[in-house]
Amino acid sequence: MPELPEVETVRQGLTRWVTGRRIASVEVRHPRAVRRHAPGGVHFADVLADRTVLDVRRRGKYLWLPLDSGDAVIGHLGMSGQLLVQPADAPDETHLRVRFRFADDGPELRFVDQRTFGGLSVSAGGAELPVEIAHIARDPMDPEFSDAAFVAALRRRRTEVKRALLDQTLISGVGNIYADEALWRAKLHGARPTDALTGPAALRLLGHVRDVLAEAITSGGTSFDALYVNVNGESGYFDRSLNVYGREGQPCRRCGAPVRREAFMNRSSYSCPRCQPRPRGALRG
DNA sequence: GGTAAGTCCTGAAGGC
DNA sequence: TGCCTTCAGGACTTAC
């Protein structure tokens, strides 16, 4: 499941493999993969032909590829998307959605997505920062991310802390897995109200978020079921380092209490019942 | 049939 | 009352 570390790994791979190359043609094999591109798949392919990729950039879990036309290709991997660099004669993947061929006849760029939550689009004039993703906050690894502004905004919210961590307009790049891991490190239950967090507590939490993400980037991201792979098709191995996520019933690595799983927003939250006590007044559980 | 995931959309709720 | 902002939850998708 691609979160920031996975997307960053993909960005680094794409930078190496597609920067400076001229697109010869684009083949859209599934309309849903370009559903965010309002003019449709034919237009998507037309506007990209003969354009050169200048760079590969990232904002949160979004990638964009500035082009020599001033436009940009926006990509989001959703929960099962992959951007693969493959030899042109490699067999098509089962869930191949979009294929980029290059003028140098070198390796193709393929967007493969089983569950089609991800997608590609072209942002007109979006080379610097596509307007479509301008609402996404900076991520905590971004040099221009402001810790003080984040802490202030977090404490202004009237919601639960895990929900706030998943809000990409507040802080980007944190998904379900790393939210649980950061909360475990901070010894906070995800249902804690944000407006009751002290400034220092919020700052400590942010530090743990940053640590978890940094360690995951070093490991090349997390993968459980081979749905996520980097541009060369290799899985990350950060899952070996997870402390609570997916470990229901197994002993907490800090205190030994069995890790609990709770329903949260149509998905799961994992936490230690002893290290991360549920706040008084919280209803679920 | 339940489960997993991230984002967008819609309706509800709250503040002024 | 009414407008604006913020919040909560459903929809989407598909393999297992």
> How long is the line joining CG of Leu170(A) and C1' of dT5(C), in whole Å?
Replying inline: 15 Å
> Starting at CD1 of Ile74(A) and ending at C1' of dT7(B), how long is that distance when rounded to a whole Å?
Replying inline: 14 Å
> For residues 241-251 of chain A, which residue pairs qualify under salt bridge (charged side-chain N to carboxylate O under 4.0 Å, His left out), counting only residues two or more places apart or in two chains?
Replying inline: Glu248(A)-Arg261(A)
> Which residue pairs pass the salt bridge (charged side-chain N to carboxylate O under 4.0 Å, His left out) test with at least one member in residues 31-50 of chain A, sequence neighbours excluded?
Replying inline: Arg22(A)-Asp50(A)
>> Could you tell me how far apart Phe264(A) (CZ) and dC7(C) (P) are, to the nearest whole angstrom?
In response: 13 Å
> Given atom NZ of Lys162(A) and atom P of dC7(C), what is their separation to the nearest angstrom?
Replying inline: 18 Å
> Rounded to the nearest Å, what distance is computed from the CG atom of residue Leu165(A) to the P atom of nucleotide dA8(C)?
Replying inline: 14 Å
> Between atom CG in Asp167(A) and atom P in dC8(B), what is the gap in whole Å?
Replying inline: 11 Å
> Are any of His76(A)'s side-chain N or O atoms less than 4.0 Å away from OP1 or OP2 of dC8(B)?
Replying inline: no
> Which atoms form the tightest heavy-atom contact between Ala164(A) and Leu154(A), and what is the distance?
Replying inline: CB-CD1, 3.6 Å
> Does the cation-pi check pass for Arg21(A) over Phe102(A), that is, NZ or CZ under 6.0 Å from the six-membered ring centre and within 45° of its axis?
Replying inline: yes
>> Output one letter per nucleotide in nucleotides 11-16 of chain B: B when a protein non-hydrogen atom lies under 4.0 Å from the base, S when only the sugar-phosphate is that close, - when neither is.
In response: ------
> Quick one: side-chain hydrogen bond (donor to acceptor under 3.5 Å, both in side chains) partners of Arg204(A), sequence neighbours excluded?
Replying inline: none
> To the nearest Å, how far apart are Asp113(A) CG and dG6(B) P?
Replying inline: 13 Å
List the atom pairs, with distances to 0.1 Å, where a side-chain N or O of residues 192-201 of chain A and a protein N or O form a donor-acceptor pair under 3.5 Å, not counting sequence neighbours.
unit_1	atom_1	unit_2	atom_2	d
Thr194(A)	OG1	Arg157(A)	O	2.8
Thr194(A)	OG1	Thr159(A)	N	3.3
Thr194(A)	OG1	Thr159(A)	O	3.1
Thr198(A)	OG1	Ala201(A)	N	3.1

> Just checking Arg35(A): base, sugar-phosphate only, or nothing, at a heavy-atom cut-off of under 4.0 Å?
Replying inline: nothing
> Which residues within residues 58-67 of chain A lie with some heavy atom under 4.0 Å of an atom in DNA chain B?
Replying inline: Lys61(A), Tyr62(A)
> Atom CD1 of Ile171(A) and atom C1' of dG6(B): how far apart are they, to the nearest Å?
Replying inline: 16 Å
>> Checking Arg101(A) now: which residues fulfil side-chain hydrogen bond (donor to acceptor under 3.5 Å, both in side chains) with it, not counting sequence neighbours?
In response: none
> Where along nucleotides 10-16 of chain C does protein come under 4.0 Å, by heavy atom, of base (B) or sugar-phosphate alone (S), with - for untouched nucleotides?
Replying inline: --BBBS-
> If you look at every strand shown and take non-hydrogen atoms under 4.0 Å, does Arg36(A) touch a base, only sugar-phosphate, or nothing?
Replying inline: sugar-phosphate
Only distances under 3.5 Å count here; give the side-chain donor-acceptor pairs of residues 60-68 of chain A to other protein atoms, sequence neighbours excluded, each with its distance to 0.1 Å.
unit_1	atom_1	unit_2	atom_2	d
Trp64(A)	NE1	Ala127(A)	O	2.9
Asp68(A)	OD1	Thr52(A)	N	3.1

> Listed by chain and number, what are the side-chain contact (heavy atoms from CB on, under 4.5 Å) partners of Ser271(A), not counting sequence neighbours?
Replying inline: His189(A), Arg260(A), Glu262(A), Gln276(A)
>> Heavy-atom nearest nucleotide on DNA chain B for Ser268(A) versus Ile136(A): which residue maps closer to 5'?
In response: Ser268(A)
> Does a side-chain N or O from Gln168(A) land closer than 4.0 Å to OP1 or OP2 of dG6(B), or not?
Replying inline: no
> Can you list the residues that meet the side-chain contact (heavy atoms from CB on, under 4.5 Å) rule with Pro277(A), with sequence neighbours excluded?
Replying inline: none
> Looking at Arg185(A) and Glu215(A), does any basic side-chain N land under 4.0 Å from a carboxylate oxygen?
Replying inline: yes
>> Going by the rule side-chain contact (heavy atoms from CB on, under 4.5 Å), which residues pair with Arg274(A) if we only count those two or more places apart in sequence or in a different chain?
In response: Cys255(A), Ala257(A), Cys272(A)
